Amino acid sequence: MPSRGELIMERLIPYHDGKFVGLNYENVFHLTIAVILSAQSTDVAVNKATPAFFERFPDAKALAEADVEEVKEYIKSIGLYNTKARNIVALSRILVEKYGGMVPNTMEELTALPGIGRKTANIILSVGFDRTVGIAVDTHVFRISHRTGLSQGKTPNAVEKDLLREIPRKYWKYANHILVTHGRNICTARKPLCTQCPIEDLCEKNGVRGKD
DNA sequence: ATCCCGAGGG
DNA sequence: CCCTCTGGAT
């Protein structure tokens with residue numbers, strides 16, 4: 001008998017666009033920067049800023065030598081730009097000094113870097129290195145997990161722990177983007193389109209919508 | 001006013 | 001656990 005998590009995955013897969021992230025990137029370093037920039041922002045906003053940004057700062061070496069104030073200019077249109085600019089430059093310096101300009105590929109090394117928490121590390125490992133060790137829990141995954149009763153965890157970490165139990169491992173690599181896509185298109189934070197929802201019968205908050 | 005593919009600090 | 005950082009979209 002398929003688990004609830006598996007049912008949800010199977011129902012949503014037909015709506016999946018085949019990608020693992022909506023962010024545009026051409027290598028692991030760009031992916032890393034793009035994911036950092038995407039915090040509390042939309043992928044559309046990030047994709048709009050990254051072309052000019054990566055032209056000016058193509059790699060870790062360029063960013064390690066960059067002036068933080070100049071970096072800010074390129075990401076001003078994205079939220080939280082002060083912290084992000086500082087973190088990106090600090091992170092790039094560490095990559096150059098400690099990793100030869102490359103992005104490390106373990107959870108421990110990644111989360112030790114400035115600006116990279118577990119969510120960002122999960123994406124980098126899974127999408128950038130094909131080393132899926134968890135499921136990235138962002139605002140969409142968090143919200144949908146609660147609404148569907150997959151988890152009642154109060155923190156992203158607690159929710160991830162539940163998801164790893166509820167969702168079979170073969171879906172892990174796709175899980176984040178499948179849920180994000182559903183969260184953006186149907187199960188939105190405000191006024192979710194429940195009548196168009198392919199998993200409405202599996203949802204615990206059928207119809208009525210409060211906070212989550 | 002509220003939310004967006006969060007992280008870090010208190 | 002809570003708060004703050006932030007512009008842009010809705």
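Reminder, nothing fancy here: chain letters follow the sequence lines and each chain counts from 1. Bear in mind the structure is a predicted one, so any value in this text is a computation, not a measurement.
Using a 4.0 Å heavy-atom cutoff across all strands shown, Ile116(A) reaches sugar-phosphate atoms only and no base atom. Within 4.0 Å (heavy atoms only), Ser41(A) reaches at least one base atom of the nucleic acid. Note on Pro114(A): only backbone sugar-phosphate atoms sit closer than 4.0 angstrom, heavy atoms only; bases stay farther off. In this structure, Leu113(A) reaches the sugar-phosphate backbone alone: every heavy-atom distance under 4.0 Å involves primed, P, OP1 or OP2 atoms, never a base. Counting non-hydrogen atoms under 4.0 angstrom, Gly117(A) reaches the backbone sugars and phosphates but no base. Within 4.0 Å (heavy atoms only), Gly183(A) reaches no atom of the nucleic acid at all. Contacts of Lys76(A) with the nucleic acid, taken as non-hydrogen atoms under 4.0 Å apart, involve only primed sugar atoms and P, OP1 or OP2. Residue contacts for Val35(A): at a heavy-atom cut-off of 4.0 Å it reaches no nucleic acid atom on any strand shown.
Between Ile178(A) and the choices Ile167(A), Ile13(A), Val141(A), Ile8(A), the side-chain contact (heavy atoms from CB on, under 4.5 Å) rule is met once, by Ile13(A).
Under 3.5 Å, the side chain of His140(A) and the base of dC4(B) form no donor-acceptor pair of N or O atoms.
No donor-acceptor contact under 3.5 angstrom links the side chains of Lys72(A) and Tyr81(A), judged on distance only.
Distances shown here put a side-chain N or O of Arg143(A) below 4.0 Å from the OP1 or OP2 atom of dC4(B).
With rounding to whole Å, Leu80(A) atom CG is found 9 Å from dG7(C) atom P.
Listed nucleotides dC5(B), dC5(C), dC4(B) differ in distance to Val180(A); the shortest reach to its side chain belongs to dC5(B).
Annotation: side-chain contact (heavy atoms from CB on, under 4.5 Å) contacts of Gln196(A) (sequence neighbours excluded): Ile186(A), Leu193(A).
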